[in-house]
There are 2 protein chains.
Amino acid sequence: MSQRNTGVTPQVVNAHACPVREVLDRVAGKWSVQILVAAAHGPIRFTELERGIEGISRRMLTLTLRNLERDGLVTRTVHPTVPPKVEYELTPQALELHETLQRLTDWAERNRVYIAEARASYDVAHEPELADA
Amino acid sequence: MSQRNTGVTPQVVNAHACPVREVLDRVAGKWSVQILVAAAHGPIRFTELERGIEGISRRMLTLTLRNLERDGLVTRTVHPTVPPKVEYELTPQALELHETLQRLTDWAERNRVYIAEARASYDVAHEPELADA
DNA sequence: CCGCATCCCTAAGGATACTG
DNA sequence: CAGTATCCTTAGGGATGCGG
């Protein structure tokens, strides 16, 4: 696994053959993950999502929900009551995804400090060329 | 875990407290992941990356590498030879991340067909309102 | 070989106002 | 309540050319 690179035909990473990117493209949107998280515990209504997710606009909530629905990650159930009531729920596939994302969270939390420090030291090392007098 | 939502204080997802998003923001760039993958097997040179990653521009390669370096995910080693030779290598932290991303890949591959079908059926269901004569 | 600087363009996403 | 429609701003990223 960790054998040295030979220098021959250096890891041709074909974008079309890279499934990670597919997932990321699906989830890279600013709000997708937060929706997945917010809906992970069961059906949730539109307005609940709107209030639960800090700073999301109605427009983006709708758009992101539509995309998730299109990808089969959330189901949309309209209760024909008055006033209308719409519930969104994660599909089993989305729940799996949500669990997988949890691993990323773990990584992030384990390495949060490391990264912060790396940034800090990089930034001082590459300080804006201070005007020497 | 899958208990019903109570309706009370519906999962306030604070963006600042959501570590997944941090990782994603770091990796969401169009090229970051492919670089991580391409460099996962050991030190690799700038030009090798450039040739190995289909469609990347020199500019984006440089930028993305800089960001990864800043976050402590790759190291940059300059060999003061002539012509110059620069090698990039993943840090242990990046290797961990790479493994975690593998889980996402697994999910993507397991669900690729499901998603494709979901999209297809969504798209036909929400066909562009055909102009009825 | 490695990389930075510049210009440009597109698409994600915010703000706001209107409806079934 | 749960959306849609419209306008506008910004940042990601492509193309290209120069330089150590």
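All values derive from a computational prediction rather than experimental measurement. Every chain is numbered from 1, with letters handed out A, B, ... down the list of sequences.
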Legend entry - Check: B:T105 side chain, B:L101 main-chain N or O, donor-acceptor pair, under 3.5 Å: yes

Check the hydrophobic clustering (I, L, V, M, F, W, Y; side-chain heavy atoms under 4.5 Å; chains of links allowed) and say if B:V82 and B:F46 are grouped together. no

Quick note, B:Y88 side chain, CB onward, closest among C:dG14, D:dA2, C:dG3 is C:dG3

Quick one: is D:dA15 close enough that its OP1 or OP2 comes under 4.0 Å of any side-chain N or O from B:R58?
no

Rounded to whole Å, the CZ-C1' distance (B:R51 to C:dC1) equals 10 Å

- prompt: Are B:V27 and A:L104 close enough that some pair of their side-chain heavy atoms sits under 4.5 Å apart?
  reply: no

Practice item. Examine the base of D:dG3 for any acceptor or donor lying under 3.5 Å from a partner atom in the side chain of A:R59, and report the outcome as yes or no. Key: no

When A:T62 and A:P84 are each assigned the nearest nucleotide of DNA chain D, the 5'-most assignment goes to A:P84

Against the side chain of B:W31, the closest entry in D:dG13, C:dG13, D:dC1 is D:dG13

B:G72 backbone acceptor or donor facing A:Y114 side chain under 3.5 Å: yes

Atom CD1 of B:I56 and atom C1' of D:dG12 are separated, to the nearest Å, by 13 Å

For DNA chain C, consecutive-pair runs of 3 or more (Watson-Crick or G-U wobble, both H-bond-type distances under 3.5 Å) give C:1-20 with D:1-20

Closest of D:dG3, C:dG14, C:dC4 to the B:R66 side chain is C:dC4

message: It should be established whether A:R45 places a side-chain nitrogen or oxygen under 4.0 Å from OP1 or OP2 of nucleotide D:dG3.
response: no

*Within the structure, does a side-chain N or O atom of A:T47 lie under 4.0 Å from either OP1 or OP2 of D:dA2?*
yes

